[in-house]
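None of these values were measured; they are calculated from a predicted model. Basis for what follows: all heavy atoms, side chains included, without hydrogens, waters or symmetry-related copies. In what follows, chains carry the letters A, B, and so on, assigned in the order in which the sequence lines appear, proteins first and then strands, with residues in each chain numbered from 1.
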2 protein chains.
Amino acid sequence: MFFVKHYKAGRFSYHASLTYRQEELMVSIKDVARLAGVSIATVSRALAEPDKVRPNTRDKVLAAVKQSGYVTNSLARSFRTNRNHSVVVLVPDITNSFFSNIIQGIEEVARANGYRILLGDMQNDPANARAYGDLCAQRQADGLICLGRTIPFAYNRSRKTLDPKWPPLVMACEYDDRIAIPGVRIDNERAALDGVRYLGEQGHRRIAYINGPQDSPLCRDRLKGYRKGMAELGLRKTSDLLFGGDFSLDSGAQAARALLQLKSLPTAIFAANDAMAIGALQVLKQRGVRVPDDLSLLGFDDIKFAAYCDPPLTTIAQPRRQIGALSMQIMLDILAGRDGSGGSGESRVLPHELVLRESVARV
Amino acid sequence: MFFVKHYKAGRFSYHASLTYRQEELMVSIKDVARLAGVSIATVSRALAEPDKVRPNTRDKVLAAVKQSGYVTNSLARSFRTNRNHSVVVLVPDITNSFFSNIIQGIEEVARANGYRILLGDMQNDPANARAYGDLCAQRQADGLICLGRTIPFAYNRSRKTLDPKWPPLVMACEYDDRIAIPGVRIDNERAALDGVRYLGEQGHRRIAYINGPQDSPLCRDRLKGYRKGMAELGLRKTSDLLFGGDFSLDSGAQAARALLQLKSLPTAIFAANDAMAIGALQVLKQRGVRVPDDLSLLGFDDIKFAAYCDPPLTTIAQPRRQIGALSMQIMLDILAGRDGSGGSGESRVLPHELVLRESVARV
DNA sequence: GCAAAGAATGTAAACGTTTACAGTGTTTTT
DNA sequence: AAAAACACTGTAAACGTTTACATTCTTTGC
């Protein structure tokens, strides 16, 4: 048993009895400095701003780094610079595959810029958001990207701004019009409108709509687009064709069951997302309703499984990866003090796309 | 313009021109101490070990905390204690929904214990693993949970141990028999065997198998189970019934196309995961092969969409959430120096379950 | 060759905690 | 009532960086 100074915790030792001790091997900038015969300031500079140091010295330092196996203690650096180089990504439900590609886009840009992402899974419970907001307050993260509609920070209603004590916030997909926050999304109203128009072109008039969560601005926009489209088709009263859902497979199935009770069936169903469309699809098939022969089905999001349904689902695609990537890019801009769309507090709108597969037919 | 000490970076200010400055509001333990009329040590103790401090004093401190809006700078704490309270979760592909529930299980336990998870998406490229391993070396994370088969650390081949300089590692789902690492998984060989036995009970003899990535130990086990089961059915030569895949929907579809070229079709297909089963299913239906009437289909994993296929997929379920939760629990044990299954370097084996739906029929 | 300017390096302070140890009350024991 | 034991609080050092400022070395212009 050897002597270990009390204030050093045995970090990586699995057993107290093990003699391996990470901290014994731990080499700091001081060691490198000694080895290279320079001051610690020079080492720091050689590593962080190589051109501020003479090539000769730089080489000495680099050699010492290599020899000693030094690796920067980023904890110390973060502490000193007050920058963590990590960003919380707040996801309503990690299980929802729709978010995967967005996260991937974020992650990619983050990694390319030396940032990491802290995953915040709300498990669909807004109460969980607060905990992740607090992470930022504790400097655990430099900023937060919000994929859902729940903003974990208090905001100043009258000024439509975040309280200045909160870190940068970027919203992806969703937005909140009570407050000016930079974000990235598609034009959901227009997208839904395009969907209805397409169904209209195929001769559909009675088009049912399976809505998402009512409190989601994004859903309100899609609903608005649906109504607008229906109005264009000359149908102002749509209340009997409207079904509630919550984006889950189950809720889509449930909506389909309710829908099949209608005295006069619609000729098409437009679901506010693919999961609900697929849920509905299953019920329809179970009840012997053929898609698209008896009933057409239009989804939203183009998740991976949409192409593997039977029939493959016609749907409206969002550029998910780009949404994620751009969100992170904006976050980086804000953090660097560059004014991306950051300062403006406006959403960047990316194009959507109608993906034609086989779940919609002419009437 | 007010005076700002040079060494304080304007952290949260979106514009240089803005007067909001987070650091102006920044209150440290020192401020709380002054406000409460005690030393900073007492504040620290009142917060960390409340029972080590007189109730009277504690109240004073707590009041001061509240009044000042103090929140501990976890960056400073992490630096001081050399503990980050975060764990990297290395995922082969975040887009693969199979991993979602595992991550969720991990996340849940982590959060309940004051830990956060750093998401590491390998995007199916092992080269990306290294970067996340390095995070640990830099003290960015206290440990790493590996959901795939790629271990981002060098290990000592002869001693079957990790190099002691690496932080704790736990493997979920996969394992690596070249090295002793704690982990959580199911008995994949037995599970596959059970699958084949079930198909045998239904009268199937010619059972095709769509394999996963060859270099995955988990897949090797499943394959072994399949072979064992086939041997039990009296079929030793299975090479013509074996098809390669990589866990993706596409590879399942491709395998099905190859399979349909066989002179004598099998009566059942067993896929090493649900995604491939669903990919295969689509091809079968396109070619007019009815499932399960003409051909039975058995999957593996029980992902969410398995229940929403047509027909709903019979499959073998893994307790994904528990696998994740237990992995994190083991990690916590190791980090706390408690000897969970941590020290042993053995895998905990959780039970699997056959989920009967409608994709398998009697011959 | 010398002064001035500029570049490279060193010195030392600071970031906000935690914690060993010392010191100061407070209670218990004798 | 004094001594001993104990509980609480304060002092100060330490963690490993970054960086303003001071100092030294090198180059440039004359």
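Look at Arg80(B) and you won't find any side-chain N or O under 4.0 angstrom from OP1 or OP2 of dT19(C).
Within residues 38-45 of chain A, the residues approaching DNA chain C are Val38(A), Ser39(A), Ala41(A), Thr42(A), Arg45(A), by heavy-atom distance under 4.0 Å. Proximity of residues 53-62 of chain A to DNA chain C (heavy atom under 4.0 angstrom from any strand atom) is restricted to Val53(A), Arg54(A), Thr57(A).
Under the rule for a salt bridge (charged side-chain N to carboxylate O under 4.0 Å, His left out), Asp93(A) has no partner lying at least two apart in sequence or in another chain. For the side chain to side chain contact (heavy atoms under 4.5 Å, CB included) test, residues two or more places apart in sequence or in another chain that qualify with Ala41(B) are Ser39(B), Arg45(B). Residues meeting the side chain to side chain contact (heavy atoms under 4.5 Å, CB included) test with Thr72(B), sequence neighbours left out: Leu47(B), Tyr70(B), Arg77(B). Under the side chain to side chain contact (heavy atoms under 4.5 Å, CB included) criterion, Glu108(B) pairs with Gln123(A), Arg321(B), not counting sequence neighbours. Under the salt bridge (charged side-chain N to carboxylate O under 4.0 Å, His left out) criterion, Arg149(A) pairs with Asp215(A), sequence neighbours left out. Remark: Lys52(A) engages Glu49(A) in a side chain to side chain contact (heavy atoms under 4.5 Å, CB included) (not counting sequence neighbours). Partners of Arg34(A) by salt bridge (charged side-chain N to carboxylate O under 4.0 Å, His left out), not counting sequence neighbours, listed by chain and number: Asp31(A). Applying the salt bridge (charged side-chain N to carboxylate O under 4.0 Å, His left out) test to Arg111(A) and every residue at least two apart in sequence or in another chain returns Glu107(A). Remark: Ser74(A) pairs with Gln140(B) by the side-chain hydrogen bond (donor to acceptor under 3.5 Å, both in side chains) rule, at least two apart or across chains.
One atom, CZ of Phe79(B), and another, P of dT19(C), lie 13 Å apart when rounded to the nearest Å. Distance Leu75(A) CG to dT18(D) P: 13 Å, rounded to the nearest Å. For the pair Lys30(B) NZ and dA14(C) C1', the interatomic distance rounds to 9 Å; values are reported in whole Å. One interatomic measurement links the two molecules: CD1 of Ile29(A) to C1' of dG10(C), which rounds to 13 Å at whole-angstrom precision. Between Asp31(A) atom CG and dC15(D) atom C1' the separation is 14 Å, expressed in whole Å. Remark: P of dA20(D) and NZ of Lys52(A) are 11 Å apart, rounded to the nearest angstrom. Straight-line distance from the CG atom of Asp51(B) to the P atom of dC6(D): 18 Å, rounded to whole Å. Remark: C1' of dA14(D) and CE of Met26(A) are 12 Å apart, rounded to the nearest angstrom.
The minimum heavy-atom distance between Leu335(A) and Asp142(A), with the atom names listed, is CD2-O, 3.6 Å. In terms of heavy atoms, Ser86(B) sits closest to Tyr115(B) at N-CD2, 3.7 Å.
Positionally, the nearest nucleotide of DNA chain C for Ala76(B) lies more toward the 5' end than for the other of Ala76(B) and Glu49(B).
Between the axis at the start and the axis at the end of the helix from dG1(C)-dC30(D) to dT30(C)-dA1(D) there is an angle of 30°, using five pairs per end and rounding to 10 degrees.
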